[in-house]
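What you see is a predicted model, and the numbers here were worked out from it, not measured in a lab. Scope of the values below: all heavy atoms of this structure, side chains included, with no hydrogens, waters or symmetry mates.
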Amino acid sequence: MSSLVKEDMEKKLFKPKGHTLYEFIETKSQLKERFYLCTSVAKRKEVHISLVKHYRVCLDEKYEIAEIWLLKDLEYIDGKDADTDNSHFDMKFEEICNMEAYSCASKYAFARSVIKLNTLYTKRDIKVINFDSSYIEDGVIWSSNNGDCLVLMRICFYASNLLCLSLCPLP
């Protein structure tokens, strides 16, 4: 489903502006409309972070950019608490933008995309605060474009190790 949304959003909103949609996550909102937080790359290699509003008109899906920021203006991304399953995070541009991802896994997917795009295009020192570095660092065996699935696989791996250790008899 999400790949269909990504394809539709890219075709209707990003391609006409000359952008390539890199990553998107759904955010929680008090309003009835759905919002997505997107990272995209313009033809001039300028990286944008956009908050996109998604709504329906009759049977047609519509997308509209509600807010847009440049990655080069991002000072930090704060995951709030690395030790809990928390989907809230802040991004600091000129002012702090409070966000709530649909899930903790999608928050980490977004952070990974910001880090990767920063490494490829802007090469700035963006602070990544209150994120578990083992889930977002590039050199880790678990990181990939399928990060959400691999994060879950890593948690299962740790759980199975704990189960094995708990079943071992003490000397």
Inset, instruction - State, with a plain yes or no, whether a side-chain heavy atom of D90 is found less than 4.5 Å away from one of M99. - result: no
Inset, instruction - State, yes or no, whether a side-chain contact exists between N98 and H88 at a heavy-atom distance under 4.5 Å. - result: no
Inset, instruction - Would you check if there is a donor-acceptor pair between the side chains of T27 and R34 at a distance under 3.5 Å? - result: no
Legend entry - Transitive ILVMFWY side-chain link V47 to W69, under 4.5 Å: yes
Inset, instruction - Report yes or no: do L117 and L70 belong to one cluster of Ile/Leu/Val/Met/Phe/Trp/Tyr joined by side chain heavy-atom distances under 4.5 Å? - result: no
Inset, instruction - Check whether any side-chain heavy atom of M91 lies under 4.5 Å from a side-chain heavy atom of V114, and answer yes or no. - result: no
Inset, instruction - Please step through salt bridge (Lys or Arg N to Asp or Glu O under 4.0 Å) for the pair D132 and R154, ending with a clear verdict. - result: CA-CA 13 Å; D132 187 342; R154 184 171 185 184; over 6 Å; no
Inset, instruction - State plainly whether one hydrophobic cluster holds both F131 and I96, where clusters connect Ile, Leu, Val, Met, Phe, Trp and Tyr through side-chain heavy atoms under 4.5 angstrom apart. - result: no
Legend entry - side-chain contact (heavy atoms from CB on, under 4.5 Å) partner of L51, the single match among L37, I68, I65: L37
Inset, instruction - Side-chain contact test, heavy atoms from C-beta onward, threshold under 4.5 Å: evaluate it for Y102 versus I25 and give yes or no. - result: no
Inset, instruction - Take K123 and T119, measure what side-chain contact (heavy atoms from CB on, under 4.5 Å) needs, and give me the verdict at the end. - result: CA-CA 5 Å; K123 296 172 180 54; T119 304; over 6 Å; no
Inset, instruction - Answer yes or no: are there more than 12 heavy-atom neighbours, outside K11 itself, under 6.0 Å from its atom NZ? - result: no
Inset, instruction - Start with the C-alpha distance between L74 and F93, add both sets of side-chain angles, then the distance that settles side-chain contact (heavy atoms from CB on, under 4.5 Å), and finish with yes or no. - result: CA-CA 5 Å; L74 181 64; F93 296 97; 3.7 Å; yes
Inset, instruction - May I ask you to test the L71-E46 pair for a side-chain heavy-atom distance under 4.5 Å? - result: no
Legend entry - Minimal non-hydrogen separation, G79 against K107, with atom names: O-NZ, 2.9 Å
Inset, instruction - Run the salt-bridge test on D60 and K12 with the 4.0 Å N-O cut-off and return the result as yes or no. - result: yes
Legend entry - Residue pair F14, T20: steps toward the side-chain contact (heavy atoms from CB on, under 4.5 Å) verdict: CA-CA 6 Å; F14 290 97; T20 302; over 6 Å; no
Legend entry - Residue pair I136 / R112, side-chain heavy-atom distance below 4.5 Å: yes
Inset, instruction - With salt bridge (Lys or Arg N to Asp or Glu O under 4.0 Å) as the test, would you mind laying out the steps for K6 and D8 before giving the verdict? - result: CA-CA 6 Å; K6 183 178 181 181; D8 191 43; over 6 Å; no
Legend entry - Heavy-atom neighbours of E61 CD exceed 12 at 6.0 Å: yes
Inset, instruction - Look at the side-chain heavy atoms of Ile, Leu, Val, Met, Phe, Trp and Tyr, link any pair under 4.5 Å apart, and say whether I126 and Y108 land in one connected group. - result: yes
Legend entry - Steps toward salt bridge (Lys or Arg N to Asp or Glu O under 4.0 Å) verdict (K92, D78): CA-CA 8 Å; K92 169 78 165 76; D78 182 358; over 6 Å; no
Inset, instruction - Evaluate the side-chain proximity of C38 to L21: yes if any heavy-atom separation is below 4.5 Å, no if none is. - result: yes
Legend entry - Note, Y22 side chain near S40 side chain (heavy atom, < 4.5 Å): no
Inset, instruction - Give a yes/no verdict on a cation-pi contact between K28 and F35, requiring under 6.0 Å between NZ or CZ and the six-membered ring centre and an angle within 45° of the axis. - result: no
Legend entry - Sequence-distant partners of H54, ring pair (Phe, Tyr, Trp, His ring centres under 6.0 Å), two or more places apart: Y36, Y63
Legend entry - More than 12 heavy atoms from other groups under 6.0 Å of NZ on K72: no
Legend entry - Cationic tip of K53 above Y55 ring, under 6.0 Å, 45° of axis: yes
Legend entry - Worked verdict on H19 versus H48 for side-chain contact (heavy atoms from CB on, under 4.5 Å): CA-CA 9 Å; H19 292 223; H48 295 191; 3.0 Å; yes
